[in-house]
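Down below is the structure, laid out as structure tokens.
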Amino acid sequence: RTALSRGILQANVVILHKSLADGFEAFCHANPSPLPLLYRSQPGEWGCPPLAADADIRVDCPQYCVFKDGLLVSRVSSLMSYSGQLQDMVTFYLGCSFSFERTMREAGVPTRLTMYTMSKAHNLGLYFNTLSPLQTSLQCRGVGQFQCPMVVTMRPIPEEKLDIVAQITHLTPLAHGGPIHIGDPAVLGIQDVSRPEYGDPVALGPGDVPAFWACGVTGVEAVQSCKPSLAFTHSPGCMFLTDREDSSVSASTSTPEPDQCPLTFSISQQPLHFSVASKAVVQSIRDLEKIIGEDPGERGIRALFVQDELLRSCLSLSHSSSVLITTGFPTHYTHNPPEETDGPPGAIAIAATLQALQKEVAIVTDHRALEMNQRIMEDAVKKGVIKTAVPLLSYQGNSPDSALYFLCHDGDHKKPRFDHLVAIERSGRASDGNYYNMRGVNIKHLVDPIDDLFTTASTIPGISTTGIGDGGNELGMGKVKEAVREHMPNGSLIACDVAADFAITAGVSNWGGYGMACALYILSLCPIHQRYLHKGLGQPHPPTQDQHQAWAASLPSVAKEEEMLSILVQHGVRSGKTGTLGMEVDGLTFHPTHSDLIIKLRDRISQRK
């Protein structure tokens with residue numbers, strides 16, 4: 001065998017006393033991403049017939065680590081001198097990500113080498129694998145004495161190659177599978193990739209994105225954690241070479257089914273963060289985006305449309321743990337209350353699904369409307385529109401740092417209370433500092449400066465923002481303000497100047513909320529996304545029946561949304577376009593316009609169950 005072999009399956013090695021073997025096997029099964037088990041030997045078995053003919057584990061790794069009481073005491077090139085002890089020891093062969101290196105190179109993914117390795121490769125005319133394992137703050141699923149953090153490897157990947165890399169590696173679960181994180185290493189608790197715990201650092205080239213895979217060196221950490229009197233592992237980078245072809249070779253030549261084809265999307269620049277979902281799920285969410293973009297009111301909102309804003313926003317929300325929602329557009333300034341029926345139903349729909357997905361949720365609104373919104377929330381719970389009341393907050397911005405203290409504990413930007421803000425049909429500040437309805441009437445006297453939360457959030461790493469609107473004067477739609485000024489009536493006056501990271505355009509803003517709830521539900525059923533969301537930790541399991549029922553029950557339905565609209569009307573809230581106190585939103589009657597759209601959304605998600 002040679003360490004320069006190409007296109008074959010390679011293995012990490014852990015050798016333990018037989019009394020620890022069952023516990024370590026259970027630990028591997030509990031953590032299949034870092035420790036994909038290829039073969040467990042019998043005590044004293046030198047070979048591994050399923051993986052290689054004529055193998056002898058005592059000499060087949062270029063170098064071994066020797067541990068006593070959990071401490072590394074030496075590195076040796078052979079275990080022959082330990083043959084007596086090995087009679088009572090079990091060898092575990094674990095998949096290794098080096099196996100798919102050849103396939104990635106053939107797919108045009110460049111290899112980044114350390115300076116030492118570049119020199120050596122040039123001199124010998126050879127290719128060397130150079131990956132430096134890094135310890136994370138992610139704790140593996142513990143089993144008995146085996147308790148340790150996950151170790152990962154980092155590969156610098158050109159952004160345009162992320163999709164093909166994810167697709168190649170996803171189909172190789174015995175070589176750690178797809179990446180568990182793409183982006184800022186600090187998300188994994190890695191403060192400095194230039195100082196790996198094992199080996200030499202690999203530098204990123206221009207345009208590279210750091211991508212991280214679970215690593216079999218996690219087995220070394222596991223050995224150290226249980227402190228056995230004697231144990232052996234391969235030395236990092238010195239794997240056991242099997243006789244089996246790497247499965248990524250065959251996988252790369254076939255076209256994966258849409259459900260097994262991951263696609264990557266940037267969801268944050270500060271910190272840098274990408275997410276992953278299957279091609280099938282991506283198409284489903286794009287279908288939802290198309291449905292909510294219907295324009296029965298013929299307002300010309302397609303001019304504001306940016307593809308995949310719903311997808312990227314929902315991917316970001318899926319990674320979030322605490323979400324702040326805001327709504328309220330007091331367009332009817334001569335009425336009491338001045339609010340409209342567009343916005344609150346969509347906000348409640350988003351909140352209901354986020355609650356079902358175990359996210360923390362709060363709603364912030366104008367102080368003058370707080371009491372009315374509390375009564376509306378109570379009625380929504382009583383009528384079954386939402387399972388649990390959402391905490392309601394107000395924000396007046398009484399001092400220059402009010403927004404920072406509202407968003408972060410003790411005003412510390414490293415301790416945010418929320419990691420995503422969502423504005424749906426919320427009055428947005430124009431470039432002159434005023435707030436306008438679509439008719440160009442200034443309603444600033446009715447609006448609290450919740451925009452400040454969004455502008456401040458843009459300066460805080462780790463907080464993302466979404467705006468949902470149907471005219472361009474809504475909070476967050478500043479991202480498309482040039483299109484608003486050019487294409488919308490009164491656009492140069494009313495255009496919101498405050499941008500969100502994601503701007504979702506809908507025919508009616510409520511529809512954007514419904515679409516967001518449905519998209520989050522679809523993502524919750526995507527195994528590729530869920531594995532990535534949980535960073536490869538634990539066994540991948542489909543949702544339980546109770547989870548699935550709770551998620552499905554949280555979704556908008558014709559009955560729930562009709563009830564929600566009825567509650568708003570009972571509280572004197574009027575249709576935005578006409579001012580009608582009745583069962584309509586933006587001049588469109590609930591039946592058939594809104595009810596039909598909800599049915600279309602539910603029909604689309606039913607295809608993903």
Side-chain angles (χ1 to χ4, degrees), residues 1-15 28 31-41 46-65 75 77-79 91-107 109 111 113-114 117 121 126-134 151-155 165 168-180 198-199 202 211-223 232-252 536:
R1 301 174 211 284
T2 167
L4 302 173
S5 296
R6 299 167 56 179
I8 63 172
L9 186 66
Q10 302 185 41
N12 300 293
V13 173
V14 173
I15 306 175
C28 292
N31 299 279
S33 289
L35 302 170
L37 184 56
L38 303 177
Y39 182 69
R40 169 185 167 170
S41 79
W46 314 141
C48 52
L51 301 179
D54 302 322
D56 187 337
I57 193 56
R58 296 172 298 176
V59 295
D60 278 346
C61 291
Q63 189 178 71
Y64 303 84
C65 293
R75 298 179 188 271
S77 60
S78 168
L79 297 180
T91 302
F92 291 87
Y93 300 83
L94 307 164
C96 173
S97 62
F98 279 179
S99 301
F100 52 65
E101 290 293 323
R102 174 190 177 188
T103 310
M104 292 211 299
R105 294 199 309 279
E106 291 175 347
V109 181
T111 301
L113 307 178
T114 64
T117 310
L126 299 171
Y127 169 79
F128 283 77
N129 290 311
T130 56
L131 294 175
S132 300
L134 297 147
V151 176
V152 297
T153 51
M154 187 277 285
R155 290 172 175 80
V165 165
I168 289 171
T169 58
H170 167 70
L171 296 173
T172 60
L174 294 181
H176 304 301
I180 63 156
Y198 305 89
V202 180
F212 298 85
W213 278 259
C215 176
V217 177
T218 302
V220 175
E221 295 288 328
V223 167
F232 308 99
T233 71
H234 71 292
S235 186
C238 299
M239 273 63 63
F240 174 87
L241 303 180
T242 75
D243 295 339
R244 288 171 52 179
E245 183 185 69
D246 164 29
S247 61
S248 71
V249 174
S250 57
S252 67

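For the numbers below, each heavy atom of this structure counts, side chains included, while hydrogens, waters and symmetry mates do not. We're numbering straight along the sequence, starting at 1.
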Practice prompt. For the residue pair Pro236 and Cys65, establish whether any side-chain heavy-atom pair is separated by less than 4.5 Å.
Written response: yes
Discussion item. Checking Pro49 now: which residues fulfil side chain to side chain contact (heavy atoms under 4.5 Å, CB included) with it, not counting sequence neighbours?
Written reply: Tyr39, Glu45
Worksheet, complete the sentence: When rounded to the nearest 0.5 Å, the distance separating OH of Tyr93 from CG of Asn12 is 12.5 Å
Discussion item. Using a 3.5 Å distance criterion without hydrogens, assess whether the side chain of Thr242 forms a donor-acceptor pair with backbone atoms of Arg244.
Written reply: yes
Worksheet item: Atom CZ of Arg75 and atom SG of Cys238: how far apart are they, to the nearest 0.5 Å?
Response: 8.5 Å
Worksheet entry | From CG (Leu79) to OH (Tyr64), nearest 0.5 Å | 5.0 Å
Discussion item. side-chain contact (heavy atoms from CB on, under 4.5 Å) for Ser97 and Arg155? Distances and angles first, verdict last.
Written reply: CA-CA 11 Å; Ser97 62; Arg155 290 172 175 80; 2.9 Å; yes
Response to the item:
Heavy atoms of His176 and Ala214 approach each other most closely as CG-O, 3.1 Å
Discussion item. Using the rule side-chain contact (heavy atoms from CB on, under 4.5 Å), only one of Pro34, Pro179, Ser33 pairs with Trp213; which is it?
Written reply: Pro179
Worksheet item: Between Val14 and Leu94, is any pair of side-chain heavy atoms under 4.5 Å apart?
Response: yes
Fill in: Side-chain heavy atoms of Asp60 within contact of Leu241, under 4.5 Å
no
Worksheet item: What distance do Leu37 atom CG and Phe92 atom CZ have between them, rounded to the nearest 0.5 Å?
Response: 7.0 Å
Worksheet item: Between Arg40 and Thr91, does a side-chain hydrogen bond (donor to acceptor under 3.5 Å, both in side chains) hold up when you go through it step by step?
Response: CA-CA 6 Å; Arg40 169 185 167 170; Thr91 302; over 6 Å; no
Practice prompt. Mind checking the OG1-CD1 spacing from Thr233 to Ile15? Nearest 0.5 Å is all I need.
Written response: 8.5 Å
Item to complete: Please name all residues satisfying salt bridge (Lys or Arg N to Asp or Glu O under 4.0 Å) with Arg58, sequence neighbours left out, ordered by chain then number.
Response: Asp56
Discussion item. Between Val217 and Thr153, is the side-chain contact (heavy atoms from CB on, under 4.5 Å) condition met? List the steps.
Written reply: CA-CA 9 Å; Val217 177; Thr153 51; over 6 Å; no
Item to complete: Could you go through the side-chain contact (heavy atoms from CB on, under 4.5 Å) check for Met104 and Val165 one step at a time?
Response: CA-CA 7 Å; Met104 292 211 299; Val165 165; 3.7 Å; yes
Worksheet item: So, for Leu38 and Ala11, which heavy atoms are closest and what is the spacing to 0.1 Å?
Response: CD1-CB, 4.0 Å
Worksheet item: Considering all heavy atoms of both residues, which atom of Ser78 and which atom of Val59 are nearest to each other, and what is their separation?
Response: OG-CG1, 3.8 Å
Discussion item. Does any part of the side chain of Cys61, heavy atoms only, come nearer than 4.5 Å to the side chain of Val13, both counted from C-beta?
Written reply: yes
Fill in: Value rounded to 0.5 Å, distance of CD1 in Ile168 from CD in Glu106
9.0 Å
Item to complete: Side-chain contact test, heavy atoms from C-beta onward, threshold under 4.5 Å: evaluate it for Ile57 versus Cys48 and give yes or no.
Response: no
Worksheet item: Which atoms form the tightest heavy-atom contact between Leu35 and Gly216, and what is the distance?
Response: CD2-O, 4.1 Å
